[in-house]
> 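Below are the structure tokens for one structure; questions will follow.
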Amino acid sequence: MSVALIWVVSPTSELSNGLGFLDTTKLVDASKPRSVLKSSRIKNVGKKYRNKCKSCYANADLKFGYSGLSNGRKSQFDVSRVVANPTGELAISSEQLVYDVVLKQAALKVGNGRTNSYFMIDLFLCQTVWCRRTDELVDGPNASHITPKALDRWESRLEDLFNGRPFDMLDAALSDTVSKFPVDIQPFKDMIEGMRMDLRKSRYKTFDELYLYCYYVAGTVGLMSVPIMGIAPDSQASTESVYNAALALGIANQLTNILRDVGEDARRGRVYLPQDELAQAGLSDEDIFAGKVTDKWRVFMKKQIKRARAFFDEAQEGVTQLSSASRWPVWASLLLYRQILDEIEANDYNNFTRRAYCRIASSARERKLDYSFNMMETVTRL
Ligand SMILES: CC(C)=CCC/C(C)=C/CC/C(C)=C/CC/C(C)=C/COP(=O)(O)OP(=O)(O)O
């Protein structure tokens, strides 16, 4: 089971118009028309987000007052979540907006994961197959033929399968899963939106923009997974905090992927790094295309790695709350994926021409991963 889940938790996927936003939503510009969804979000922003606590967000430098899941809940609406967009207008951060989806998911009843393990693998596979097929649309062999229209068709197929009208056998398997578990369509739609974003965009001005992309392509997978994995019956944690941790794991994985693949992405003309942070570090796209490891690059990378680790830390707190059947494989995947960050460091931050791999457990002890192993042992005893 563990092996299956380790791979199950690796699809790349993404969020949509369903979320009601594509770029940061303006708080103050009343002159432009907005959708009803956007307006209602804006109205509720103080109420809805005042208990939100994450801070591994925004600027890797400035906002590392990170406070995790179990502490640091803020009693006031967090002003630091309101960011200024490049034109100087105040806007709600992507993290705030994504959190709205977390709250929506958390309101659905989650089971305790007391399901036959093989059955659970089947369910995961259905979901993973769908994520993989979605990802293949923009990353697979036919990617150059994929248009926004094709993604629209994929989305209506998704709606059909959620309504019990699957198109093919694979859709039918997922259709069956979503009829048995409290799985919401939103993260699935949002993943398709991530594919749309990938079609139209190859640069991210700020971390806020990148965060949204990471939610679309990976955070969604975390949200989709919780209802199937289930929460431990004796867990004292709130459902919201478990979803938050799942979201954080998706974001952490995607940020890690991005840092690992800088060179590969640059060769495809893509830079998934916040442009403003590159500029602050005295770097530009040209430096990335040149692919030279300089001191400036090392400093920049250290901050990016620190941020990714903060998301892993946040995720870690939620893993122990999962049902016992899901805990171990999620832990294993978290530890293995986080190791990629160590590998980037070990490669002296050369992620232009050297690919960082996560080494498999057998060599872990020589690689001084005793800590990780102790953690795994602890978790399996829980
Ligand atoms: C922590 C709690 C409470 C629950 C866990 C919830 C889960 C399973 C979260 C994991 C989410 C996840 C696996 C997101 C996908 C992340 C990602 C970047 C996958 C990379 O996919 P590929 O495209 O296959 O990567 P490669 O580029 O290596 O091929």
Side-chain angles (χ1 to χ4, degrees), residues 2 4-15 68-70 102 105-106 110 113 120-121 123-124 127-140 143 183 187 190-191 194-195 198 210 213-232 235 237-265 268 270 272 308 311-341 343 351 355-358 379:
S2 22
L5 279 173
I6 287 168
W7 296 116
V8 160
V9 292
S10 78
T12 309
S13 351
E14 299 193 30
L15 199 135
L69 280 171
S70 52
V102 168
Q105 307 305 301
V110 179
M120 200 194 265
I121 291 172
L123 301 175
F124 262 106
Q127 178 206 302
T128 306
V129 164
W130 185 86
C131 293
R132 181 53 78 193
R133 288 170 99 191
T134 306
D135 187 39
E136 285 286 299
L137 294 175
V138 289
D139 253 0
V183 180
D190 290 344
M191 182 181 286
M195 304 300 140
D198 229 2
L210 186 65
Y213 173 72
C214 292
Y215 163 66
Y216 283 145
V217 298
T220 48
V221 185
L223 301 189
M224 289 171 197
S225 305
V226 175
I228 298 173
M229 290 178 166
I231 298 177
S235 167
S238 65
T239 311
E240 178 193 326
S241 71
V242 179
Y243 271 101
N244 236 341
L247 167 70
L249 185 53
I251 304 277
N253 285 349
Q254 186 60 30
L255 289 175
T256 303
N257 242 22
I258 286 172
L259 298 178
R260 181 195 61 191
D261 297 341
V262 169
E264 201 179 307
D265 289 333
R268 297 189 301 131
R270 300 187 156 268
Y272 293 98
F311 279 101
F312 276 120
D313 290 346
E314 180 165 3
Q316 198 168 303
E317 293 185 44
V319 180
T320 49
Q321 310 305 323
L322 290 171
S323 67
S324 54
S326 328
R327 223 174 276 161
W328 194 89
V330 172
W331 256 107
S333 77
L334 185 153
L335 294 175
L336 290 174
Y337 229 80
R338 183 158 60 184
Q339 228 189 297
I340 294 175
L341 299 172
E343 281 294 308
N351 43 4
R355 188 177 164 98
Y357 291 99
C358 51
V379 170

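Remember, it's 1-based here, ligands and their atoms both numbered in the order they're listed.
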> Can you sort out which atoms of ligand 1 are near Q254, meaning under 4.0 Å from one of its heavy atoms?
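In order of numbering, the contacting atoms are 18 (C).
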> Pull out every atom of ligand 1 sitting under 4.0 Å from any heavy atom of R132, numbered as shown with elements.
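In order of number, 24 (O).
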> Taking the side chain from R270 and the backbone from D198, do they hold a donor-acceptor pair closer than 3.5 Å?
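Checking the backbone N and O of D198 against the side chain of R270, a donor-acceptor pair under 3.5 Å is found.
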> What's the separation between atom CG in L210 and atom CD in Q254, rounded to the nearest 0.5 Å?
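Here the interatomic distance stands at 8.0 Å.
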> Short list, please: which atoms of ligand 1 are under 4.0 Å from a heavy atom of V242?
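Checking each atom against V242, I get 3 (C).
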> Hey, what do you get for CD1 (I258) to CG (N351), rounding to the nearest 0.5 Å?
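Nearest 0.5 Å value for the CD1-CG distance: 12.0 Å.
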> Are R260 and E343 ion-paired here, with the side-chain N under 4.0 Å from a carboxylate O?
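No salt bridge links R260 with E343.
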> Go through L137 and M195 one step at a time and tell me if the side-chain contact (heavy atoms from CB on, under 4.5 Å) criterion holds.
CA-CA 8 Å; L137 294 175; M195 304 300 140; 5.7 Å; no
> Considering only heavy atoms, does M224 approach ligand 1 within less than 4.0 Å through its side chain, its backbone, both, or neither?
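Looking at M224 and ligand 1, no heavy atom falls under 4.0 Å.
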> Just jot down the ligand 1 atoms closer than 4.0 angstrom to any heavy atom of G222, in number order.
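In order of numbering, the contacting atoms are 6 (C), 7 (C), 9 (C), 11 (C).
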> Using a 4.0 Å cut-off to any heavy atom of V330, which atoms of ligand 1 qualify?
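Checking each atom against V330, I get 5 (C).
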> Enter the distance from F311:CZ to L247:CG here, rounded to the nearest 0.5 Å.
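Between F311 CZ and L247 CG, I get 8.0 Å after rounding to 0.5 Å.
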> Which is it for L322 and ligand 1 at heavy atoms under 4.0 Å: side chain, backbone, both or neither?
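It is the side chain that touches ligand 1; the backbone stays farther off.
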> Quick check: does N253 get an N/O under 3.5 Å from an N/O on ligand 1?
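It does not: no N or O of N253 is found under 3.5 Å from an N or O of ligand 1.
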> Salt-bridge test for D313 and R338: reply yes if a basic N is under 4.0 Å from a carboxylate O, no otherwise.
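Salt bridge: yes.
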> What is the distance from atom OH of Y213 to atom CG of L255, rounded to the nearest 0.5 Å?
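Going from the OH atom of Y213 to the CG atom of L255 covers 11.0 Å.
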> Decide whether an N or O pair under 3.5 Å exists between R260 and ligand 1.
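There is such a contact, yes.
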> Is the shortest distance from a heavy atom of M229 to ligand 1 less than 4.0 Å?
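Distance cut 4.0 Å: M229 passes for ligand 1.
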> Nearest 0.5 Å please: distance from the OG1 atom of T256 over to the CG atom of L334.
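So the gap between those two atoms works out to 9.0 Å.
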> Indicate, as side chain, backbone, both or neither, the part of Y337 found under 4.0 angstrom from ligand 1 when only non-hydrogen atoms are considered.
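For Y337, the contact with ligand 1 is made by the side chain alone.
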> With atom 1 (C) of ligand 1 as the reference point, say which of C214, A245, A218, G219 has the nearest heavy atom.
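It is A245 that holds the nearest heavy atom.
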> Just let me know how S225 lines up against ligand 1, side chain, backbone, both or neither, with a heavy-atom cut-off below 4.0 Å.
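Only the side chain of S225 comes within reach of ligand 1.
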